[in-house]
Structures are given as structure tokens and as C-alpha cells.
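Below, chains carry the letters A, B, ... as their sequence lines are ordered, and counting in each starts from 1.
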Amino acid sequence: MAPSSRPNFRDRVYVLVRSIPSGRVIGYGHVAGALGVAGAARQVGYAMAALPPDTEVPWHRVIHSAGTLASKGDPVRVLIQRSRLEAEGVAFLGDRVPMGTYGWMPPEP
DNA sequence: TATATGACGGACG
DNA sequence: GCGTCCGCCATAT
């Protein structure tokens, strides 16, 4: 193994996202911070963009720190994301999610 | 190896 | 409350 640098930053993002319980959400920056690399919020989003359409990773539970959704050149993605969150019991406050209520934090070792 | 990019975050007006 | 600017760091080419 090559534990020196980041073996697979994206892979760690997927593992953490898969640990998010249903009906909960988390911000990109929170995911990066949980991986030990605060400030790499953009890389978390980049990892999501690399996810296949048949992925088992609940990428829809990863949103902006402000509670708003996001997508680059694909607004349909946001609609799917919102639909899945509502299906899990997440109540939207307009176009925003009250992270103070649904905000989830990963368990620290 | 270096340059450009990018599902972001926070600060400022 | 909303729009805009700068900075952060891993991936891609």
C-alpha cells in the first residue's frame, strides 16, 4: 500500500459518504475536514462528479455547507438530489435544507 | 514536472 | 439576504 500521501482521496470520500445515514446531509467542507484535509471541499465535489450513474454512493446527501444544493451544468442533477432527500424524510425550507436539523457529523476515531 | 481546472467555502459590500 | 472575489487542494492533461 502507499499510505504516505493520499492513496485515494476520492475513495475516502466515497467511504465516508456511504456512512451517511438516511435522512441526513453533510457539507462538502465537512466531508473534506472529516478526511483530515479541510479546504479540499472542491475535491469532494470533484469526486462526486466522477461517480458513475449506477453508483451505490448516496452523493445526494452531500450538499453545500449553507444547505443549498449544487451542480455544474446539470440542473437536473439537483432535481434528482432534492427528490431523493425528500423521499428520505428531509424537509426543504424553500430551496435550502436546514442543516441545523438534518446536518450529520461523521464519528471520530 | 508544470499548468489548468473544478458538485466549494468564507469574507466583503 | 444576495451577489461577487479570493483562496484551498486533489485530478486531469
Measure from [atom1] on [X] to [atom2] on [N] and round the result to the nearest Å.
{"X": "A:His30", "N": "B:dG10", "atom1": "NE2", "atom2": "P", "answer": "7 Å"}
{"X": "A:Tyr28", "N": "B:dA7", "atom1": "OH", "atom2": "C1'", "answer": "4 Å"}
{"X": "A:His60", "N": "B:dA7", "atom1": "NE2", "atom2": "C1'", "answer": "14 Å"}
{"X": "A:Trp59", "N": "B:dC8", "atom1": "CH2", "atom2": "C1'", "answer": "16 Å"}
{"X": "A:Tyr14", "N": "C:dA10", "atom1": "OH", "atom2": "C1'", "answer": "12 Å"}
{"X": "A:Tyr46", "N": "B:dT5", "atom1": "OH", "atom2": "C1'", "answer": "7 Å"}
{"X": "A:Arg82", "N": "B:dA7", "atom1": "CZ", "atom2": "P", "answer": "22 Å"}

Could you check whether A:Arg77 gets within reach of a base, just the sugar-phosphate, or nothing at all, counting any heavy atom under 4.0 Å? base

What's the closest nucleotide to the side chain of [X] if the choices are [options]?
{"X": "A:Arg96", "options": "B:dG9, B:dA7, C:dC2", "value": "C:dC2"}
{"X": "A:Ser65", "options": "B:dG10, B:dA7, B:dC8", "value": "B:dG10"}
{"X": "A:Phe9", "options": "B:dG10, C:dT11, B:dC8", "value": "C:dT11"}
{"X": "A:Ala70", "options": "B:dA7, C:dC9, B:dG9", "value": "B:dA7"}

Report yes or no: is the cationic atom of A:Arg18 (NZ for Lys, CZ for Arg) under 6.0 Å from the centre of the six-membered ring of A:Trp59, at an angle within 45° of the ring normal? no

Short side-chain N/O contact from A:Arg42 to OP1 or OP2 of B:dG10, under 4.0 Å: no

Please determine whether a side-chain nitrogen or oxygen atom of A:His64 lies at a distance below 4.0 Å from atom OP1 or OP2 of B:dA7. no

Checking A:Tyr28 side chain against A:Ala40 main chain: does a donor-acceptor pair fall under 3.5 Å? no

Toward the 5' end of DNA chain C, which comes first, A:Gly39 or A:Asp11, by nearest nucleotide? A:Gly39

Look at A:Arg24 together with A:Glu88 and state whether they make a salt bridge at an N to O cut-off of under 4.0 Å. no

Can you see which heavy atom on A:Ala47 is nearest to which on A:Arg10, and at what distance? CB-CG, 3.5 Å

Is there a Watson-Crick or G-U wobble partner for B:dC8 with both distances under 3.5 Å, and which nucleotide is it? C:dG7

Does the side chain of A:Arg82 reach to within under 4.5 Å of the side chain of A:Leu69, using non-hydrogen atoms? yes

